[in-house]
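No hydrogens, no waters, no symmetry mates; every other heavy atom, side chains included, goes into these values.
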Amino acid sequence: AKKYGMTASVQTPPNAEAIGNFLGSDWTHLEHRSAWDLLTYLANNTVSNKDHWVCYVKWNTLYFGPRPSTQATTIRWPWDVQTLRTLRNMVVSKDITVEIEGWNAQTGTVIVGSVSSSGHTAIGCTYIYVEPGISPSEAIKKAQTKIAQLISHELSAHITMPGNTALDMLHKIQITGTGTDWDTTLFPNNIRHRLTVEDGYSCDVVAKSHAPTTLIGTATTRANALNAQVTIP
């Protein structure tokens, strides 16, 4: 933060642990990665109280830590809304599975961490990510992180409403009164406050989340001998 002329508000997890690891006898050189890539990667892989940490810049301060607020701003349909447009991502509106695959060259094993969602009437895709050099516990954590990111795009609400100064990116949005799956808590993806002579003060909001019926199952892991997974002609 200091390098870019900003102040910093950085917290450390109560039970701090390494995110990923390198083999003791090896070395690596990181390039083509910005400081922002590193910070968001660390935030996405840090969880406390089942909530992923966040990293963002507000005015001139870089924040890294738990989500500052768990409060939600309530938007009541149709009284608080001028227009409401809802979208559903049909790819993740099914039961999906995330697998994290990696290997450990020193122990000669393949590690697979797997987690699935449920609560839908159809089976969807399996997403496979390769993360070399991980442990079984790291594979599970990464699988849980990835599936949470994917299902967070299941429901999307686009709202135009009178101006509300309580709306900001740090507060969740609770929609009520529609009688549908969108009567749930969503996370703001984009908020635009507008002030014009013609229309006065108004807000445009895009918020996303998973359906209330979507559940994340228990994660599983398995390890196999590396030579059992590779066939050399």
Flag the pair [X] / [Y] as yes when at least one side-chain heavy-atom distance between them is below 4.5 Å, and no otherwise.
{"X": "Ser117", "Y": "Ile147", "value": "yes"}
{"X": "Thr184", "Y": "Leu186", "value": "yes"}
{"X": "Pro78", "Y": "Val81", "value": "no"}
{"X": "Ile175", "Y": "Ile159", "value": "yes"}

Is the charged tip of Lys146 near the ring of Tyr129: under 6.0 Å from the six-membered ring centre and within 45° of its axis? yes
So does Val112 get a backbone contact from the side chain of Thr221, meaning a donor-acceptor N/O pair under 3.5 Å? yes
Determine yes or no for a side-chain-to-main-chain donor-acceptor pair under 3.5 angstrom, with Asp95 supplying the side chain and Ile123 the backbone. no
Residues Thr74 and Gln174: side-chain donor-acceptor under 3.5 angstrom: no
Side chains of His120 and Thr214, donor plus acceptor under 3.5 Å: yes
Sequence neighbours excluded, the answer for ring-ring contact (aromatic ring centres under 6.0 Å, His included) partners of Tyr56 is Tyr63
Using the test ring-ring contact (aromatic ring centres under 6.0 Å, His included), find all partners of Trp182 that sit at least two apart in sequence or belong to another chain. none
All pairs passing salt bridge (Lys or Arg N to Asp or Glu O under 4.0 Å) where residues 149-171 contributes a residue, at least two apart: Arg88-Glu154
Other residues, nucleotides and ligands only: do more than 12 of their heavy atoms fall within 6.0 Å of CD on Gln82? yes
